[in-house]
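Predicted, not measured: the structure shown is a model, and the values here were computed from it. We use all heavy atoms of the structure for the numbers below, so side chains are in, but hydrogens, waters and symmetry mates are not.
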Amino acid sequence: MNNDTANAHPPGSAPAIELRGASKTFRTPSGALHTAVRDLDLTVGQGEFVAVVGPTGCGKSTTLTLVSGLEEPTEGEVLVGGEPVEGIRPEVGFVFQQDALFPWRTVLSNVMAGPRFRGEPKARARERARDWLARVGLAAFEDRYPHQLSGGQRKRVALAQTFVGDPAILLMDEPFSALDVQTRALMSDELLELWGGSRSEGGKASVVFVTHDLEEAIALADRVVVMTAGPATVKQIFPIGLPRPRKVESVRLEPEFVEIYREIWSCLGEEVRITRERGASHVA
């Protein structure tokens, strides 16, 4: 398996996402320069689910911020739908690791907030919010506040809050990492179901899912992108041939899943070791 599939997308259509030689350098509080990603080339096709794995601190999250328009590349290009990214775009949804819910708003009001901000009439926004709350199993909790919900329930609200905007592109930064193992598996299945029926028009959303959990990446994705130790660039891309639809817990028991895991870990493990050795030498 190699990078030959990195540029695959339907003939005649622009890829959902393209990063061309993208680099991002930050100035640290001490005044030093830190390069988070370097010469990053990556293409995500329309309706494709791509998981990104790599060592801690290698620049995975920075990649998402470049696609979202929250950050601009220092060098190179970032394109969405064939157009250069210039600021935050309405067709891009972002699910963060930490909840981004308004604590003073009810569940229903939180999910309505996006459509209302985009100018939808209140009645229509309420109708769509209730539809998505029903899809994530929280119809009976619309009058609750975030602090009255469990971690899994808050994550469901966050998914409804994102999907109600009908995003063409969905960026997810370790969204389930704070959940217990059982809830995490249930949320992964929930995500696959929502993604499969997410868009009212234009086909499924294109997903870039950052995770530290290789099993999670394989269970969810069409392709798994392995990033190098920082500054990050693409080391290798692995297509995942497991059939869909998938149930996360059952697919992990398949012999093919175990073989894919071994192959990707042999690639990823090298970068994890490099990161650990750098940290050990810095401490010394």
Side-chain angles (χ1 to χ4, degrees), residues 1-9 15-28 32-45 48-68 70-80 85 94 96-97 171-175 177 206-240 259-284:
M1 298 180 184
N2 54 40
N3 289 0
D4 292 344
T5 57
N7 297 313
H9 57 274
I17 299 167
E18 290 180 274
L19 294 100
R20 301 175 179 171
S23 299
K24 182 62 181 180
T25 299
F26 298 95
R27 189 169 295 279
T28 67
L33 294 177
H34 170 71
T35 300
V37 298
R38 180 179 60 199
D39 298 328
L40 181 58
D41 293 311
L42 179 64
T43 298
V44 178
E48 186 178 24
F49 198 124
V50 171
V52 179
V53 297
T56 299
C58 75
K60 301 183 295 297
S61 297
T62 299
T63 302
L64 295 186
T65 61
L66 292 176
V67 175
S68 70
L70 291 171
E71 297 280 357
E72 296 180 1
T74 308
E75 296 179 8
E77 293 183 289
V78 182
L79 298 94
V80 165
V85 173
F94 206 139
F96 297 92
Q97 184 174 358
L171 308 176
M172 309 189 77
D173 191 1
E174 298 188 67
S177 61
S206 303
V207 181
V208 182
F209 187 100
V210 164
T211 178
H212 279 101
D213 187 331
L214 182 53
E215 287 192 5
E216 181 178 60
I218 297 168
L220 292 173
D222 297 314
R223 289 188 296 150
V224 173
V225 177
V226 176
M227 306 287 266
T228 63
T233 193
V234 174
K235 180 178 183 180
Q236 196 166 347
I237 298 177
F238 296 82
I240 307 300
E259 186 58 37
I260 293 170
Y261 183 96
R262 287 174 178 162
E263 185 173 5
I264 300 179
W265 176 248
S266 69
C267 175
L268 173 61
E270 295 175 3
E271 303 306 314
V272 172
R273 284 190 290 273
I274 290 170
T275 300
R276 286 177 178 169
E277 288 168 3
R278 286 178 182 173
S281 63
H282 179 72
V283 171

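- The shortest distance between side-chain heavy atoms of Leu40 and Met227 falls below 4.5 Å.
- Listed here is the closest heavy atom pair of Ala22 and Val78: CB-CG2, 4.4 Å.
- Nearest heavy atom pair, residue Phe209 against residue Pro175, reads CE1-CG, 3.5 Å.
- With values rounded to the nearest 0.5 angstrom, Asp41 atom CG is found 8.0 Å from Leu19 atom CG.
- Looking only at distances, a side-chain donor or acceptor of Lys60 sits under 3.5 Å from a matching main-chain atom of Pro55.
- Atom CZ of Phe94 is separated from atom CG of Leu64 by 4.5 Å, given to the nearest 0.5 angstrom.
- Nearest heavy atoms, Thr228 versus Glu271: CA-OE1, 3.4 Å.
- Residues satisfying the side chain to side chain donor-acceptor pair (under 3.5 Å) test with Thr35, not counting sequence neighbours, are Thr25.
- Put simply, the side chain of Thr56 does not reach to within 4.5 Å of the side chain of Thr275, judged on heavy atoms.
- Every residue two or more places apart in sequence or in another chain that forms a side chain to side chain donor-acceptor pair (under 3.5 Å) with Ser61 is listed here: Asp173.
- Counting all heavy atoms, side chain and backbone alike, Thr62 lies closest to Ala36 at OG1-CB, 3.7 Å.
- If you take CG on Leu214 and CG on Leu268, they are separated by 6.0 Å, rounding to the nearest 0.5 Å.
- With hydrogens and angles ignored, the 3.5 Å screen pairs no side-chain donor or acceptor of Glu174 with any backbone N or O of Val210.
- Side-chain contact check for Val85 versus Val67: every heavy-atom pair is 4.5 Å or farther apart.
- Distance check, rounded to the nearest 0.5 Å: CD of Glu215 to CG of Leu220 gives 11.5 Å.
- In this structure, the side chain of Asp222 does not engage the main chain of Val50 through any donor-acceptor pair within 3.5 Å.
- Using a 4.5 Å cut-off on side-chain heavy atoms (C-beta onward), Lys235 and Cys267 make contact.
- When each of Leu42, Thr43, Val226, Val224 is paired with Ile237, the side chain to side chain contact (heavy atoms under 4.5 Å, CB included) condition holds for Leu42 and for no other.
- Proximity of Pro15 to Val44: side-chain heavy atoms (C-beta onward) are nowhere separated by under 4.5 Å.
- Other residues, nucleotides and ligands contribute at most 12 non-hydrogen atoms within 6.0 Å of the CD atom of Glu72.
- Minimum interatomic distance between Gly45 and Ser206 (heavy atoms only, all atoms of both residues): O-OG, 3.1 Å.
- Using a 4.5 Å cut-off on side-chain heavy atoms (C-beta onward), Val272 and Trp265 make contact.
- Residues passing the side chain to side chain donor-acceptor pair (under 3.5 Å) test with Glu216, sequence neighbours excluded: Arg184, Thr211.
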Decide side chain to side chain contact (heavy atoms under 4.5 Å, CB included) for Thr63 and Val52; before the verdict, give the C-alpha distance in whole Å, the side-chain angles of both, and the deciding distance to 0.1 Å.
-> CA-CA 10 Å; Thr63 302; Val52 179; 5.9 Å; no

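- Counting all heavy atoms, side chain and backbone alike, Ser23 lies closest to Asp39 at OG-N, 2.9 Å.
- Between Ile260 and Phe238, every side-chain heavy-atom pair lies at or beyond the 4.5 Å cut-off.
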